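As the structure is a computational prediction, the values presented were derived from the model and not from experiment. Here, residue 1 is the first one in the sequence, and each next residue gets the next number. We use all heavy atoms of the structure for the numbers below, so side chains are in, but hydrogens, waters and symmetry mates are not.
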Amino acid sequence: MAWVLSHRRQQQQLDVVSAVADRDFADITETLEGTQRDLEAAQAINRVYVEETRHLADARLGAVLELARDTPGVTLPGLAHPDLAGGVLAGVHGELLDKVAAGIRAIREDMSGTTLTTIRHALAEPQSRLVRLLHQIDAELAVHKDRPEAVASLMRIDPHASASLHGLQRLRILCGETPGVQRSTSQILDMVEAARGRIQAHD
């Protein structure tokens with residue numbers, strides 16, 4: 001009888017241990033399945049992020065470069081995965097595109113300003129030479145005023161030099177040099193030559 005009771009107690013203990021083991025196994029299995037689902041979801045999100053970043057590099061950045069260069073007919077592609085709109089990745093990509101576009105515009109403006117300044121400086125020397133040429137023509141006219149042939153020859157040269165001077169002055173204005181600055185930095189005779197109305201009469 002005692003042996004039977006002992007056997008029953010051992011069996012009950014084994015049943016309890018088995019039930020606990022089964023419960024623990026079920027909990028572990030559920031945890032593993034949940035972890036697997038989380039891993040698969042993370043992998044799916046990672047694939048979407050990789051595809052979106054590739055789309056950024058392959059399509060969207062190129063379009064931003066073309067738009068910054070004012071290329072006609074170019075539009076900025078949207079997200080490859082529209083459901084990402086409003087999320088962190090879309091926000092970061094948007095900030096990157098904005099910064100790239102702003103950087104290109106700043107570089108273009110700086111290059112444009114530098115180029116125009118270079119052109120203005122390049123035009124300054126031929127303008128000065130033309131002014132000196134017109135002054136020399138005036139001096140030669142004064143010296144040879146009693147020689148009609150010399151005067152006529154000089155007056156044939158004068159309008160071409162004057163027109164060239166006016167053209168250079170207009171180019172410098174188009175390059176950003178205002179008339180006020182031009183007058184303040186040029187000799188008085190330079191301004192006098194810019195208004196030589198008498199030249200056309202001898203063209």
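- Residues Ala63 and Pro77 come closest through the heavy atom pair CB-CD, 3.5 Å.
- The CG atom of Leu123 lies 11.0 Å from the NE2 atom of His121; values are rounded to the nearest 0.5 Å.
- Looking only at side-chain heavy atoms (C-beta outward), Leu65 and Thr71 stay at 4.5 Å or farther from each other.
- For the atom pair CG of Leu134 and CZ of Arg129, the computed distance is 14.0 Å after rounding to the nearest 0.5 Å.
- Classification of Arg47 and Glu51 as a salt-bridged pair fails, no side-chain N sitting under 4.0 Å from a carboxylate O.
- Cluster annotation: Val74 and Val100 are assigned to the same hydrophobic cluster (Ile/Leu/Val/Met/Phe/Trp/Tyr, side-chain heavy-atom contacts under 4.5 Å, transitive).
- Linking Ile, Leu, Val, Met, Phe, Trp and Tyr whenever their side-chain heavy atoms come within less than 4.5 Å leaves Leu97 and Tyr49 in two separate clusters.
- Contact record, Leu130 with Leu165: CD1-N, 3.5 Å, taken as the closest heavy-atom pair.
- Note that CG of Asp138 and CG of Leu154 are 9.5 Å apart. Values are rounded to the nearest 0.5 Å.
- The environment of CZ in Arg132 is crowded: more than 12 heavy-atom neighbours from other residues, nucleotides or ligands sit within 6.0 Å.
- A donor-acceptor pair under 3.5 Å links the side-chain atoms of His55 to the main chain of Gly78, judged by distance alone.
- Closest approach of His93 to Arg60, counting heavy atoms only: CB-NH1, 4.2 Å.
- For Glu149, the CD atom counts as loosely surrounded, since its 6.0 Å shell holds 12 or fewer non-hydrogen atoms of other residues, nucleotides or ligands.
- Remark: Ile45 CD1 to Leu89 CG distance equals 11.0 Å, nearest 0.5 Å.
- The two residues Ala90 and Leu79 make their nearest non-hydrogen contact at CB-CD1, 3.9 Å.
- Residues in residues 94-107 take part in no side chain to side chain donor-acceptor pair (under 3.5 Å) pair, two or more places apart or across chains.
- A continuous path of Ile, Leu, Val, Met, Phe, Trp and Tyr side chains, each step under 4.5 Å between heavy atoms, connects Met155 with Leu133, placing both in one hydrophobic cluster.
- By the criterion of side-chain heavy atoms lying less than 4.5 angstrom apart, applied directly or through intervening Ile, Leu, Val, Met, Phe, Trp or Tyr residues, Val92 is not grouped with Leu84; the two fall into different hydrophobic clusters.
- Atom CD in Glu140 sits 13.5 Å away from atom NZ in Lys145 (nearest 0.5 Å).
- Separating the CZ atom in Arg147 from the OG atom in Ser153 is a distance of 9.5 Å, to the nearest 0.5 Å.
- In the hydrophobic cluster analysis, where Ile, Leu, Val, Met, Phe, Trp and Tyr join through side-chain heavy atoms closer than 4.5 angstrom, Val143 is grouped apart from Val151.
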